[in-house]
Each structure stands twice: as structure tokens, then as C-alpha cells.
There are 4 protein chains.
Amino acid sequence: MHKRRKSEILSAAALCFAAKGVHQTSMQEICEAAAISAGALYRYFESKDAIIFALAEQERLENAELIAHLTPSEDIVEGLCQALPEIVALSGDEQYGRLTIEIGAEAARNPAIAEVFARNETELRGALVDALKRGQGRGDVDPSLDPEAATFLILALFDGMPGRRLFVDDVAPDRLVGTLAGFLRKILGSA
Amino acid sequence: MHKRRKSEILSAAALCFAAKGVHQTSMQEICEAAAISAGALYRYFESKDAIIFALAEQERLENAELIAHLTPSEDIVEGLCQALPEIVALSGDEQYGRLTIEIGAEAARNPAIAEVFARNETELRGALVDALKRGQGRGDVDPSLDPEAATFLILALFDGMPGRRLFVDDVAPDRLVGTLAGFLRKILGSA
Amino acid sequence: MHKRRKSEILSAAALCFAAKGVHQTSMQEICEAAAISAGALYRYFESKDAIIFALAEQERLENAELIAHLTPSEDIVEGLCQALPEIVALSGDEQYGRLTIEIGAEAARNPAIAEVFARNETELRGALVDALKRGQGRGDVDPSLDPEAATFLILALFDGMPGRRLFVDDVAPDRLVGTLAGFLRKILGSA
Amino acid sequence: MHKRRKSEILSAAALCFAAKGVHQTSMQEICEAAAISAGALYRYFESKDAIIFALAEQERLENAELIAHLTPSEDIVEGLCQALPEIVALSGDEQYGRLTIEIGAEAARNPAIAEVFARNETELRGALVDALKRGQGRGDVDPSLDPEAATFLILALFDGMPGRRLFVDDVAPDRLVGTLAGFLRKILGSA
DNA sequence: TATGAATGAGCATTCATTCAT
DNA sequence: AATGAATGAATGCTCATTCAT
């Protein structure tokens with residue numbers, strides 16, 4: 001079926017991109033990894049850029065989901081803390097980390113991909129900012145906090161983790177989770 | 001003189017890489033930007049990889065300097081906070097941000113460059129970890145803090161800023177500096 | 001019915017070829033224009049060359065007809081002159097002109113198509129030469145005329161018109177018809 | 001030297017195009033025929049289209065020259081007649097004929113090449129029309145002649161010759177020259 | 001009979017690198 | 001030291017044709 005084949009190709013491409021980099025991977029290599037001919041591949045994606053684009057979209061959706069499902073109702077501080085194990089685990093997955101970096105680099109130069117990023121970023125930031133403001137209203141969150149700046153910094157921290165874990169591997173995930181949870185509580189919490 | 005020419009070439013390459021990406025930039029483009037012939041360029045750098053390598057080294061040196069000069073003696077928490085305006089300003093420089101991302105992506109796949117990163121990372125982390133431990137000894141830093149995990153997270157946050165500022169531009173630098181300083185004091189400070 | 005479908009495909013192909021050129025037109029485009037699938041098309045024509053071949057044959061038949069119906073009995077000079085409005089009109093049809101040029105170019109390199117051309121050319125020339133000779137016998141045509149050379153030149157003129165009308169459009173068809181009729185009468189006519 | 005190399009490439013390309021057709025000739029084939037590498041060729045011509053364009057320009061210049069040098073002063077009818085041996089000889093050159101047809105077909109679909117054609121056509125037609133009008137003024141040319149229509153038809157005849165001579169070879173050049181000269185005198189001449 | 005996914009050789013073009021001058 | 005023309009393998013992509021359904 002069409003969707004299935006497309007996602008097979010995307011997985012193969014993700015593997016290649018993570019291993020060698022977007023621009024070091026040739027279409028032939030993707031074809032081989034996906035066990036498909038060049039001609040057939042182009043029925044599913046009209047260009048290499050379209051593959052990168054689709055991966056960017058897919059990744060950002062996953063990413064957004066991860067953080068989005070914690071914002072709706074409860075105490076965000078605790079919500080965020082509960083999501084940390086998953087976020088930290090993901091940031092430690094080598095293939096995920098490498099792909100994230102590649103796609104991010106691509107977004108820095110390819111306007112179409114930058115747009116995918118921008119769309120999700122806007123939603124994500126908006127959600128987090130709103131949650132923080134709600135928390136401030138409710139008294140869960142430090143009322144003196146600058147919600148936009150705090151959101152920026154928290155998301156920057158999440159962004160920076162995969163790259164760092166590619167080079168540094170001597171801090172166990174649970175120490176990161178524990179320390180990060182402590183940080184968030186101190187930083188955001190009222191009292 | 002030799003060194004001068006080399007660094008001119010590096011500047012030209014940095015400009016190109018930031019604008020178009022490492023692998024979208026041809027040696028011809030670097031030659032034109034550096035006003036040098038292809039043949040001559042190869043007397044200074046034996047390959048494109050050698051240029052990337054040199055840029056990686058240069059950038060990491062700058063980076064290390066930035067944080068290194070704050071660790072030796074005083075209160076690191078205040079030292080870090082004093083360095084923040086410069087760190088934030090740098091992370092907001094588009095050319096710097098783009099180049100950082102490009103070089104980082106390259107490090108994720110090119111072992112020689114990964115090594116440059118690793119060397120500096122180790123020093124940098126070591127310095128920060130030591131400073132935190134010293135702070136704990138002296139009583140400036142929360143004694144319950146995990147120094148390695150905290151270092152990891154702070155550096156991840158710094159790493160993530162340039163990329164984020166490429167897409168998000170609605171939080172003024174001084175708000176970032178202020179909020180970040182507040183974070184560091186809450187997170188690291190004893191009491 | 002078979003014939004109907006074949007001619008639909010030919011019309012679609014003719015349209016495409018005229019618009020984009022034989023070798024700039026893909027089989028997919030012909031399929032789309034003819035509203036037929038690739039697999040089905042190949043049941044009607046065994047290759048792209050077969051389509052070009054069929055179009056060449058079709059076009060030359062039309063062409064031959066145009067001139068052939070004037071040769072049998074009457075005064076050829078007047079017969080030719082009476083056919084001129086149609087010939088000139090046809091040469092002014094853009095789609096016809098473009099297709100003629102494409103097919104002609106193809107004939108110059110594809111032996112199979114060259115043969116189609118040759119067959120019709122031989123008949124056509126033979127008919128015109130015979131008619132001129134009959135005219136000379138009957139006294140309608142200048143007896144000092146070289147029938148083969150004259151035929152060659154008249155047909156060359158007809159051949160050259162479509163191409164020229166693609167680029168030159170400032171001479172009204174009826175002026176061409178009038179002038180050409182005058183030419184033929186002066187050139188061929190006795191007295 | 002640069003100009004020399006460019007014209008060598010053009011000659012090689014002309015040979016290939018005449019033999020196989022513009023779109024059946026690959027750049028590799030042109031490279032081999034010109035004894036040059038692909039990379040080097042692209043230093044001289046930025047694309048295949050640029051080669052076709054250059055050939056079109058070259059050919060049209062030759063063409064224009066051929067007819068242009070006969071128009072300035074004397075009796076155009078006699079001038080034209082004197083140029084006929086060369087025109088006829090050229091139209092009989094197989095390589096020239098094939099290339100002319102290919103380039104003409106290309107002009108029918110490629111706007112850039114159509115423009116080259118148009119430019120020369122305009123000059124050429126203008127020159128011939130003017131010469132005929134001058135002839136009418138001087139009394140050399142039939143005053144009842146429509147100069148634009150006549151020019152159109154004469155040039156169409158010249159255009160049609162190369163194609164026809166590719167298929168018909170049984171009329172000796174001097175018969176064509178003689179008959180054509182007779183035609184022109186009858187058609188154009190006053191008296 | 002018809003479909004349209006699949007094939008894979010082929011294409012125009014690029015680019016890191018070399019080397020005669 | 002410097003030039004820039006030359007190399008040729010590699011790239012992303014296309015397309016006539018086939019064939020399982």
C-alpha cells in the first residue's frame with residue numbers, strides 16, 4: 001500500500017541520513033536501503049528534498065506530541081517532570097540524535113524545512129507559555145517568572161541534549177532526569 | 001604571511017558554510033570568496049575536510065575561552081552570570097549560529113571533527129565540574145547538586161540557544177540574560 | 001474499436017509532439033493526453049517509434065492527397081493554383097507546422113521514417129513530373145521547362161512554408177496565395 | 001586558446017547533432033567527439049542548450065551572409081542568380097542539411113533559439129524586401145510584384161531545399177541552379 | 001483488456017582535486 | 001608560489017518499457 005511504502009522509504013532514509021549525513025547520502029543508497037529502484041522511489045517522493053521535508057515533519061510531530069500531551073490541565077511543573085524520562089531517553093538514542101541534528105542543520109538553510117520547524121515551534125512555544133501563565137494564575141508557578149524567556153530556555157535545553165549526548169556518555173540517564181526535575185521545580189515552582 | 005592567508009581562507013569558508021551549508025558550498029565558491037585560486041588554496045589546506053577541521057578547532061577554542069576564563073577563582077555562579085550577556089549575544093549572531101550548527105552536524109558524522117569536539121568538551125566539562133565541586137566545598141553551591149549532570153544540562157542549554165534563536169526572535173536578549181541568571185542562581189546556589 | 005483508439009492516441013501524440021517536440025514528450029504525457037494507461041497504450045503501439053512512424057505515415061498521406069487530386073486530368077497549372085488556398089491555409093496552422101517540422105527532423109535520422117517519406121515523395125514527385133510532362137505534351141506547360149527540377153523546387157517551396165510561417169506572420173494568406181499563383185503561372189505556363 | 005576550443009566543441013557537436021539528432025546526442029558523445037572531458041566542456045558552454053544556441057547563431061550568421069552580400073547595389077535578380085550555385089551546393093551538403101533541420105526543429109520549441117532565428121530572419125527579409133522595392137523603383141523588378149509575399153516565398157523555397165535534397169538526389173545541382181535562375185528571372189523580372 | 005507500479009540504464013551536470021605552466 | 005584549465009567519477013533525476021494483478 002502507498003502509505004506503507006512511503007514510510008519504509010522514510011525509515012531507510014532516516015537510517016542513511018543519521019549514519020552519513022543528509023548530503024553524504026546518495027539517492028542510490030536510500031534506494032538500496034529501502035530495497036526499491038530509483039524510478040520507483042520517485043513515485044513516492046518527488047525529490048530528495050521532499051524526503052528531507054517529510055522526515056522533518058515527522059520528527060517535529062513526534063517532538064511536539066511529546067511535550068504537548070503534558071500541558072492541558074494539571075500542574076505543568078509536575079507534568080513536565082513526568083515527561084522527562086521519555087525526553088531524556090529519546091535524547092540518548094543515537095539514531096534519533098543524529099537525525100535531529102541533520103534535520104536541524106537542514107532547517108537552517110532550507111526555507112521549506114525551516115517553515116516546518118517554525119510551524120511546530122510556534123505551537124509548542126505557545127502551549128508551554130500558556131501553561132506557564134495558567135500556572136502563575138493558579139499559583140503553581142513563580143509569578144515573577146518571564147514565561148516567554150523561560151520557555152525559550154527550557155526548549156533550548158531540550159534541543160541541546162541530543163547533540164551533547166552524542167559526545168558525552170558518562171552521565172547516566174536517571175541522573176539527568178533527577179537533576180533536571182530538580183531544576184524545573186526550583187526554576188518554575190512558586191515558593 | 002602564511003598564517004594570515006590561512007585565516008583569510010577560513011573566514012571566507014566560514015561565511016560560505018554559514019550561508020549555504022558545508023556540503024552545499026563548493027571549493028570554487030570558497031576560492032572566490034577568499035580571492036584565491038584553487039591551486040593556491042590547496043597549498044594552505046590539503047582538502048575540504050581540512051578546512052572544516054580547522055574551523056571546528058577555531059570555533060571550539062573561542063567557545064572554550066568564553067567559559068574558561070570564568071572558572072579559576074571566584075564564585076562560579078556569579079562568574080557564569082557575568083559571562084551570560086556575551087554568551088547570549090553570541091548565540092544571537094546569525095552567522096555564528098549557522099556555522100555552529102553546520103560544524104556540529106559535521107562532528108556528528110566525521111570522526112576527525114568529533115575528536116576536536118570531544119577534546120574541548122572534555123576540558124570544558126572538566127573545568128565546570130571542578131568549579132562546581134569547588135563551589136560546593138566553599139559553600140557557594142548547593143551541596144546536594146550532581147555536578148556532572150548539572151554541567152551537562154547547562155552546556156546543553158548553551159548548545160541549544162543558537163539554533164533556537166534562528167527561528168525564534170521575539171524574546172529580547174536582556175530578558176534571556178536576566179531569566180537565565182535567575183535560573184542559574186536558583187539551580188546552583190546554596191541556601 | 002481498435003482503429004478508433006489508435007487514432008485517438010495518434011491525435012494526442014500529435015498534440016504533444018507539436019507542443020514540446022518528439023523527444024521532449026514522454027510516453028507518460030502521451031498517456032495522459034490520450035487518457036489511457038501506459039500498459040494499454042503499448043497494446044496499440046509497440047514503441048514510441050511506432051507512434052512517430054504512424055504519424056509520419058498519416059501526415060504524408062494527407063499531404064499526398066492534397067496534391068494528388070489535382071494531377072489526373074485538367075490543366076495542372078490551374079489545378080495547382082486552385083489547390084493553393086488549402087495548401088497555404090494548412091501551412092499557417094501552427095500545430096500542423098510544428099508537427100511537420102518535428103516529423104521531418106525525425107525522418108532525417110530515423111531510417112524507418114525516412115522510408116515512409118521516401119515512398120510518398122517518390123509518388124508525389126512522380127505524379128507532378130508526369131503531370132508537367134503531360135502539360136508540355138498538351139501545350140499547357142512551357143516546353144523548355146526541366147520537369148524534375150521544377151517539381152523539386154515547387155515541392156521545396158511547399159516544404160519550407162510551414163517553418164517560415166512559424167516565425168513570420170506579417171504576410172496575409174491571401175497575398176501568399178495570389179503571389180504564389182502568379183509565380184506558378186509565370187514559371188510553368190507556356191507563352 | 002579559448003575561442004579555438006569553443007569552436008572545436010561546436011564542430012564536434014554539429015557533427016553529432018547532424019548524425020543523431022540534438023536530443024539523441026548525449027553530452028558524453030560530444031565530449032568524446034571533441035576529445036574533451038565533461039568537466040572541461042562545461043567551462044566553455046554552460047549547458048547543452050548553450051551549445052545548441054551557439055550553433056543556431058553560427059548557422060544563421062552564415063546563412064544571412066550568403067544572401068546579404070548580394071543585396072546592396074546591383075540588380076538583385078542577377079545578384080540572386082549569381083548566388084544560386086553556392087546556395088544550391090550548400091543545400092546539397094548532407095551534414096549542413098541535417099544540422100539545419102535539427103536547429104530549425106529546435107527553434108520551433110525553444111524560445112531562446114527562436115529568438116536567434118527571428119533576429120536574423122527579420123534582417124534577411126528586410127534586406128530582400130528592400131532590394132526588391134529598389135529594383136521596382138529602378139525598373140529591374142516587376143512593379144506589380146508583392147515584395148513581402150515574394151520574399152516570403154523565395155526564402156521558403158531556400159528553406160525547403162536542404163530537407164528535400166536529403167531524400168531526393170536524382171536532380172543534378174546544375175539543373176537546379178539553371179531552373180531556379182529561370183524561375184527567379186520570370187518571377188521577379190520586369191518585362 | 002486494462003492498470004499503474006516497478007525497473008534500471010541513461011542523462012545533464014557538478015565538484016574535489018591535480019598539474020602543466 | 002600561484003594560476004586556472006582539466007579530470008572523471010559521482011549525483012539527482014527521467015523515461016521507455018514490462019509485468020503482476
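In the text below, chain A, chain B and the rest are named by the order of the sequence lines, each starting its count at 1.
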Show your reasoning for whether side-chain contact (heavy atoms from CB on, under 4.5 Å) applies to C:I52 and C:N110. CA-CA 10 Å; C:I52 303 171; C:N110 186 328; 5.7 Å; no
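- A salt bridge is absent between B:R119 and B:E115; no separation between the charged side-chain nitrogens and carboxylate oxygens falls under 4.0 Å.
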Parsed dot-bracket for DNA chain F after applying the Watson-Crick and G-U rules with both distances under 3.5 Å and | for other-strand partners is .||||||||||||||||||||
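- To the nearest 0.5 Å, atom CD of residue D:E59 and atom CD1 of residue D:I103 are 6.0 Å apart.
- Side-chain proximity of A:S37 to E:dA2, E:dG8, F:dG8: nearest is E:dG8.
- As a whole-Å value, the separation of B:R43 CZ from E:dT17 C1' is 15 Å.
- Side chain of C:E29 to backbone of C:S26: a donor-acceptor contact under 3.5 angstrom is found.
- Distance CZ (A:F53) to P (F:dG12): 20 Å, rounded to an integer number of Å.
- As a whole-Å value, the separation of B:Y44 OH from E:dA16 C1' is 19 Å.
- When rounded to the nearest whole Å, the span between CD of D:Q24 and C1' of E:dA12 equals 15 Å.
- The CD1-C1' distance, from C:I36 to E:dG4, rounds to 13 Å in whole Å.
- When rounded to the nearest whole Å, the span between NE2 of C:H23 and P of E:dC11 equals 13 Å.
- Between the side chains of C:H23 and C:E106, at least one donor N or O sits under 3.5 Å from an acceptor N or O.
- The CD-P distance, from D:Q28 to E:dC11, rounds to 9 Å in whole Å.
- Comparing E:dG4, E:dA12, F:dT11 by their closest approach to the side chain of D:S26 singles out E:dA12.
- For the pair D:F53 and D:A112, the tightest heavy-atom approach, listed with the atom from each and the gap, is CE1-O, 3.5 Å.
- Atom CD of D:E46 and atom C1' of E:dT14 are 14 Å apart (whole Å).
- Among E:dT17, F:dT17, F:dA2, the nucleotide with an atom closest to any side-chain atom of B:M27 is E:dT17.
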Step by step, work out the side-chain contact (heavy atoms from CB on, under 4.5 Å) result for A:Q58 and A:L55. CA-CA 5 Å; A:Q58 180 178 293; A:L55 280 175; 4.1 Å; yes
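- Nearest approach of C:A54 to C:L10, heavy atoms of both residues: CB-CD2, 3.8 Å.
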Give each protein N/O atom lying under 3.5 Å from an N/O atom of nucleotides 19-21 of chain E, with the pair distance.
none

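- Residue C:L41 is the one, among A:L41 and C:L41, whose nearest nucleotide of DNA chain E lies closer to the 5' end (criterion: closest heavy atom).
- Along DNA chain E, the nucleotide nearest to B:D49 and the one nearest to D:K48 differ in position, and the one closer to the 5' end is contacted by D:K48.
- In terms of position along DNA chain F, the nucleotide closest to A:V22 lies nearer the 5' end than the nucleotide closest to the other residue of the pair C:S47 and A:V22.
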Checking side-chain contact (heavy atoms from CB on, under 4.5 Å) for the pair C:L166/D:F117: CA distance, chi angles, key distance, verdict? CA-CA 11 Å; C:L166 237 36; D:F117 261 55; over 6 Å; no
After noting the C-alpha distance and the side-chain angles of B:I51 and B:F17, does the key distance pass the side-chain contact (heavy atoms from CB on, under 4.5 Å) rule? CA-CA 11 Å; B:I51 294 179; B:F17 289 170; 4.2 Å; yes
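- Between A:R5 and E:dA6 there is a side-chain polar atom (N or O) within less than 4.0 angstrom of OP1 or OP2.
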